[in-house]
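Here is the structure we will look at, set down as structure tokens.
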Amino acid sequence: MFRRVWISAALALGCVLATAVLTGCEESSKDDAKDLFTGTGKIDAGGRSVHVSCAGRQVEDRPVVVLLSGGGDGLEKLAALRGTLSKKGKVCSYDRLGEGASDKPAGPQTLKSTGKVLSAVLDRVAGDGPVVLAGHSLGGLIAGRYAPDHQDRVKGLVLMDATSPTQTADLTEGIPESAPASAAALRDQTLSILGGGKPELLTVPDGKVRSAGDVPVEVLSHGKQYLAAVPEYGPGLERAWSEGQRKWLALSGDSRQSTAAKSGHYVYVDEPDLAVRVIERVTARAAADGA
């Protein structure tokens, strides 16, 4: 029982273990209207090969939706969500360096360097057009850190149970060094990943949430408080996670938070219809704001 709880907690805190749903591979091509990348294939990002998959057609005045997976997940995990969203417009996802079919990073990564990879992806799939970023867990944190510096192109955000902007402090305060070995192992593993561990070698420092302008932002949080099942420290971890979700509301004066009542950490898997509604709502509002 504790092993199952431990794995669930590790997924939530660092999103480091995942079961990918494999999908077929399409041929990469160009978008007929704007000569942009579509289909599935590899692009170059600063000399590294990045695996990208897009579905749907670009709709005039509608932002391209770009999905960002959690740590330990490849773009295949987002295949079902990508397919559903593509019925209304173009939607893409990609494997960050170290994940899925993309190259391994050449060395340690920072939020700035992984942001450059994201920029390279956006250049190829959306050109200079607007985008909505929808990120899960670590992908949500990356989206939230990227948007304030790229307000010219990021016109909406959906954070699906995003990693807290103060995750390291939350974890070190929630599980002290005096904790039993099982809890300490969870803390140390997650801190190692946040500190630049495999597979992404990405260092994720704590920081204050900065404004991304008045773009529509929706924070979609898990409702099943499974972290509370972690012996002794679970309730505190759950409270810290909830507070971390609220901190992301500072991204915009047009932010709102909702709860996926039937979901654990993977809200887009547990309640896919809800995730689709939230992403489509933000995309529609972003399109209206740009009209």
Side-chain angles (χ1 to χ4, degrees), residues 23-70 73-79 81-106 109-136 138-158 200 202 212 215 279 282-283 286-287 290:
T23 61
C25 186
E26 308 167 52
E27 293 294 326
S28 63
S29 61
K30 297 286 186 176
D31 185 291
D32 292 339
K34 295 187 177 181
D35 199 34
L36 298 175
F37 180 95
T38 189
T40 297
K42 302 290 183 70
I43 71 167
D44 177 79
R48 311 302 290 174
S49 178
V50 176
H51 187 216
V52 180
S53 185
C54 295
R57 303 294 295 177
Q58 177 65 49
V59 177
E60 187 176 1
D61 298 327
R62 179 182 173 90
V64 174
V65 175
V66 178
L67 306 174
L68 287 80
S69 60
D73 292 339
L75 61 79
E76 291 88 354
K77 188 77 175 181
L78 295 161
L81 181 62
R82 187 170 63 246
T84 301
L85 290 168
S86 69
K87 296 174 183 178
K88 291 192 175 181
K90 187 174 183 179
V91 56
C92 303
S93 53
Y94 72 105
D95 291 328
R96 293 189 297 275
L97 295 182
E99 301 284 9
S102 291
D103 282 351
K104 294 180 180 179
Q109 296 198 89
T110 63
L111 288 173
K112 182 176 181 179
S113 64
T114 203
K116 289 182 178 179
V117 174
L118 175 54
S119 289
V121 171
L122 298 185
D123 288 344
R124 290 296 307 277
V125 304
D128 59 1
V131 299
V132 165
L133 301 181
H136 170 249
L138 178 59
L141 182 146
I142 291 171
R145 294 297 193 206
Y146 179 88
D149 293 325
H150 299 86
Q151 296 181 38
D152 58 327
R153 69 195 319 175
V154 179
K155 301 304 180 182
L157 287 162
V158 177
E200 296 187 45
L202 173 62
V215 299
I279 294 170
V282 168
T283 304

Close side-chain approach of L75 to R82, heavy-atom, < 4.5 Å: yes
Side-chain heavy-atom pair V65, V158 within 4.5 angstrom cut-off: no
H136/K77 under side chain to side chain contact (heavy atoms under 4.5 Å, CB included): CA gap, chis, key distance, verdict: CA-CA 11 Å; H136 170 249; K77 188 77 175 181; over 6 Å; no
Heavy-atom pair with the smallest gap, counting every atom of L97 and S49: CD2-O, 4.1 Å
S113 side-chain N/O to Q109 backbone N/O, donor-acceptor pair under 3.5 Å: no
Under 3.5 Å donor-acceptor, K42 side chain and A101 backbone: yes
Donor-acceptor under 3.5 Å (R62 side chain, A286 main chain): no
Between S119 and Y146, a side-chain donor and acceptor under 3.5 Å: yes
More than 12 heavy atoms of other groups within 6.0 Å of D128 CG: no
Heavy-atom donor-acceptor pair, R48 side chain to S102 backbone, under 3.5 Å: no
Pairwise side-chain contact, L85 with L67, heavy-atom cut-off 4.5 Å (strictly under): yes
Between CG on residue L157 and CD1 on residue I279, distance to nearest 0.5 Å: 11.5 Å
Closest non-hydrogen atom pair, A287 against D61: CB-O, 3.4 Å
Closest heavy-atom pair and its distance - T114, R96: OG1-CD, 3.9 Å
Flag side-chain contact, heavy atom, 4.5 Å: E76 against S69: no
Closest approach of K90 to V125 (non-hydrogen atoms, all atoms of both residues): NZ-O, 2.9 Å
Name of the residue among T40, D95, D103 meeting side chain to side chain donor-acceptor pair (under 3.5 Å) with H51: D95
